[in-house]
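Written below as structure tokens is the structure these notes are about.
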Amino acid sequence: MTILRPIILLAIITFVKPTRALWPLPNQLSTGSTLIKLADDFDITLEAINSAPQDLVDAVARTKDFIANDKLQRLVVGRGSSDSEGLASAPSVPILALSMDSGFTDSQARSLSEESMDVLENRVEAYSLIIPADGSQAELKANSTLGLFRGLTTFSQLWYDLDGTTYSVEGPIEIKDEPAYPYRGLMLDTARNFFPVSDIKRTLDAMSWVKINTFHWHIVDSQSFPLQVPDFPELASAGAYSSSMMYTPEDVKDIVDYAAARGIDVLPEIDTPGHTMIISKAFPEHIACAEAKPWASFANEPPAGQLRLASVSTMNFTQSLFTSVSSMFPGKFFSSGGDELNTNCYDQDPETQAELTASGKTLEEALDTFTQVTHGALHENGKTAVVWEEMVLEHNVTLSNDTVVMVWISSEHAASVAQAGFRFVHAPSDFFYLDCGAGEWIGADPEGNSWCDPFKTWQKSYTFDPTANLTENEKELVLGGEQLLWTEQSHPSNLDPIVWPRAASSAEVFWTGPGGDVSTALPRLHDIAFRMNQRGIGAIALQPLYCALRPGVCDLDS
């Protein structure tokens with residue numbers, strides 16, 4: 001797939017009138033100023049698609065449901081009441097007809113779920129959408145089922161309600177759209193605090209509405225191991241917070257299937273060799289410095305505990321664990337973690353020191369062997385390994401050329417990863433961490449702040465430049481980016497407001513491209529946040545309603 005670069009996209013957007021409704025903004029968009037409405041018997045048809053896959057049929061049904069039930073009034077003073085007179089004679093759109101474009105050569109459309117888990121760079125998400133202003137049928141075309149789904153998502157955002165009439169003020173509308181970057185993600189940590197399947201599904205729904213296509217699932221960590229692994233049932237039995245706070249294999253399949261049917265791939269993470277204390281509850285022989293005190297000498301946060309990476313037995317255990325867990329997830333990516341390794345833990349661990357002496361290896365050499373063995377299990381299972389940036393920038397380990405690196409410590413480290421020649425995903429704490437700014441969660445520290453203060457506003461993340469300080473060749477290594485929620489201070493009660501609509505900001509950066517103006521983006525972000533509220537997502541308010549109804553009047557320079 002050819003990745004359109006942001007400089008091209010912005011050149012296109014600059015010369016068109018941006019609609020207030022859409023997020024992320026399409027890369028080619030033309031709108032008018034004619035009132036159009038949907039006919040009372042409006043329908044979305046699939047007749048032109050040979051044997052339309054069931055998940056596309058289901059997506060059409062959901063789209064019709066959104067259109068019928070969003071009931072979102074325009075975010076203007078009077079909430080659209082001034083449109084009433086014009087709507088009486090406005091032309092009615094009778095049908096949105098879906099069809100495959102001229103570039104589609106297969107005899108039959110593939111399922112949305114299958115395409116959602118294709119090799120990342122091979123996914124086809126482009127679509128075109130035409131909505132005439134004369135009452136003739138609207139048309140949505142793509143060369144893939146996934147593209148049709150992205151177009152349905154856009155179509156569902158265009159409509160408002162006034163006294164039961166579903167309408168737009170911007171006909172005719174013409175859109176040609178495709179993403180600037182193939183990877184657009186959201187990470188959720190379910191180990192610090194547990195999130196029921198229903199919360200994850202609701203999050204997946206909201207992700208799909210802003211075209212986020214990767215759910216990075218940080219399932220386990222030192223604090224808990226909620227995943228039931230078929231070959232290692234002891235891990236969840238001993239490591240979950242309770243029997244009611246586990247993800248069964250059936251839950252995993254349910255989440256993966258639900259995500260795929262919404263254009264989302266699931267990237268699971270089992271962080272190793274650090275962040276693994278909880279494994280000691282079932283397999284103490286594999287963990288060094290388990291719950292060692294003071295924890296700050298042995299880990300970046302409590303509780304301390306790391307895999308005995310120099311042990312052949314522990315390597316074999318981890319290899320088998322990766323094989324078992326990766327078999328639960330059909331996607332192409334699997335993260336082995338690799339962040340925040342504490343060397344003092346191993347220096348103080350007699351078993352590790354004995355293993356190093358017996359093998360004649362340094363700790364770094366043992367880490368290299370551990371990484372090659374455990375990643376070998378992933379490669380044998382058809383997975384591409386994903387690691388945190390330390391595995392490239394701080395350790396001398398052998399990584400396969402196709403390894404994907406998550407840049408998290410600082411946005412300034414992206415260039416160093418690129419110089420090492422690896423494809424990478426932007427996930428920098430200085431732009432995309434959703435948990436920053438809530439104060440210190442560590443106890444007995446009344447003056448403390450979160451380590452990644454301040455709070456990362458949507459405006460901050462929206463200004464991110466994915467290609468800053470990169471050469472032309474290095475820019476090709478950028479797969480995209482994601483926002484992340486580490487959950488030391490989050491659980492189901494505040495999941496929605498801490499994520500939405502902030503996570504939509506990076507969704508536009510990596511779909512449309514960087515360089516957008518926060519002032520013109522804000523009315524559209526209000527719009528998608530209000531629409532999320534109508535669909536059951538507890539997105540937080542960005543401004544007083546007074547400001548939301550009067551774009552620009554609350555800007556600093558207004």
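Ser144 contributes a side-chain N or O that, together with a main-chain N or O of Val124, makes up a donor-acceptor pair within less than 3.5 Å. Distance alone, capped at 3.5 Å, is enough to place a donor-acceptor pair between the Ser222 side chain and the Thr276 backbone. Using modelled atom types, no side-chain atom of His395 and backbone atom of Met391 make a donor-acceptor pair closer than 3.5 Å. Of the possible polar contacts, one joining the Asn342 side chain to the Asn344 backbone as a donor-acceptor pair under 3.5 Å is found. A distance-only check finds no donor-acceptor pair linking the side chain of Asp189 to the backbone of Leu485 [under 3.5 Å]. One N or O on the side chain of Ser558 and one on the backbone of Val553 form a donor-acceptor pair closer than 3.5 Å. Remark: side-chain polar atoms of Asn193 are paired, donor with acceptor, to backbone N or O of Ser490 under 3.5 angstrom. In this structure, Asp199 contributes its side chain and Thr203 its backbone to no donor-acceptor pair below 3.5 Å. Formation of a donor-acceptor pair under 3.5 Å by the Thr512 side chain with backbone atoms of Leu25 is found in this model. Using modelled atom types, no side-chain atom of Gln419 and backbone atom of Ser416 make a donor-acceptor pair closer than 3.5 Å.
Heavy-atom neighbours of Asp402 CG from other residues, nucleotides or ligands within 6.0 Å: above the threshold of 12. Around atom CG of Asn469, no more than 12 heavy atoms belonging to other residues, nucleotides or ligands sit under 6.0 Å away. The local environment of CG in Asn401 is sparse, with at most 12 non-hydrogen atoms from other residues, nucleotides or ligands closer than 6.0 Å. Applying the 6.0 Å contact sphere to CD of Glu114 captures more than 12 heavy atoms from other residues, nucleotides or ligands.
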* **Pair Trp217-Thr190, side-chain hydrogen bond (donor to acceptor under 3.5 Å, both in side chains): steps then yes or no** => CA-CA 8 Å; Trp217 191 2; Thr190 59; 3.0 Å; yes
* Step-by-step side-chain contact (heavy atoms from CB on, under 4.5 Å) determination, Tyr247 to Phe194 -> CA-CA 10 Å; Tyr247 302 108; Phe194 180 83; 3.3 Å; yes
* **Chi angles and distances behind the side-chain contact (heavy atoms from CB on, under 4.5 Å) call for Gln157, Ile528** => CA-CA 8 Å; Gln157 294 178 2; Ile528 193 63; 3.6 Å; yes
* Would you please test Val387 and Phe422 for side-chain contact (heavy atoms from CB on, under 4.5 Å) and show each step? => CA-CA 11 Å; Val387 298; Phe422 289 98; over 6 Å; no
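For the residue pair Asp465 and Thr467, a side-chain donor N or O sits within less than 3.5 Å of a side-chain acceptor on the partner. Side chain to side chain, Thr153 and Lys211 fail the donor-acceptor criterion of an N or O pair below 3.5 Å. Under the 3.5 Å distance criterion, with hydrogens and angles disregarded, a donor-acceptor pair is assigned to the side chains of Ser326 and Asn381. Neither side chain, Thr371 nor Asp368, offers a donor N or O lying under 3.5 Å from an acceptor on the other. Counted by atom type alone, Glu174 and Gln28 present zero donor-acceptor pairs between their side chains at under 3.5 Å.
Distance check, rounded to the nearest 0.5 Å: CD of Gln306 to CD of Glu340 gives 10.0 Å. Between atom CD of residue Glu389 and atom CH2 of residue Trp408 there is a gap of 7.0 Å, rounded to the nearest 0.5 Å. Taking CD1 of Ile287 as the reference point, atom CD1 of Ile278 lies at 10.0 Å (rounded to 0.5 Å).
In summary, Lys460 and Asp430 do not engage in a salt bridge, as defined by a charged side-chain N under 4.0 Å from a carboxylate O. For the pair Asp177 and Arg150, the salt-bridge criterion is not met [side-chain N within less than 4.0 Å of a carboxylate O]. The existence of a salt bridge linking Lys201 and Asp205 is excluded, since no basic side-chain nitrogen approaches an acidic carboxylate oxygen closer than 4.0 Å. Comment: Glu178 does not engage Arg123 in a salt bridge, judged by the lack of any side-chain N to carboxylate O separation of less than 4.0 angstrom. Salt bridge annotation for Asp265-Lys332: absent, with no cationic side-chain nitrogen under 4.0 angstrom from a carboxylate oxygen.
In this structure the side chain of Tyr346 reaches within 4.5 angstrom of the side chain of Pro273, judged on heavy atoms. Taking 4.5 Å as the limit, every side-chain heavy atom of Lys141 sits out of range of all side-chain heavy atoms of Leu148. Within the 4.5 Å cutoff, no side-chain heavy atoms of Met207 are placed close to those of Thr214. Considering only heavy atoms from C-beta on, Val252 comes within 4.5 Å of Leu227 through its side chain. Considering only heavy atoms from C-beta on, Met406 comes within 4.5 Å of Glu482 through its side chain. The shortest distance between side-chain heavy atoms of Trp451 and Ser429 falls below 4.5 Å. Two residues are said to be in side-chain contact when any heavy atoms from C-beta on lie closer than 4.5 Å; Ile175 and Ser128 fail this criterion.
Ring geometry for His218 versus Trp486: interplanar angle over 60°, hence perpendicular rather than tilted (30 to 60°). The aromatic rings of Phe333 and Tyr183 sit tilted, their planes meeting at an angle between 30° and 60°.
For residues 449-500, every residue pair satisfying the disulfide bond (SG atoms under 2.5 Å apart) rule, not counting sequence neighbours, is listed here: Cys436-Cys452. For residues 500-510, every residue pair satisfying the side chain to side chain donor-acceptor pair (under 3.5 Å) rule, not counting sequence neighbours, is listed here: Ser461-Ser505, Tyr462-Glu508, Gln483-Ser505, Gln483-Ser506, Glu508-Arg524.
Between His491 and Phe195, the ring centre distance reaches or exceeds 6.0 Å.
A cation-pi arrangement, defined by a distance under 6.0 Å to the six-membered ring centre and an angle within 45 degrees of its axis, is present between Arg262 and Tyr258. Because its NZ or CZ atom is both nearer than 6.0 Å to the ring centre of Trp209 and within 45° of the ring axis, Arg535 counts as a cation-pi partner of that residue.
Paired with His216 under the rule ring pair (Phe, Tyr, Trp, His ring centres under 6.0 Å), one option of Trp388, Phe334, Phe329 passes, and it is Trp388.
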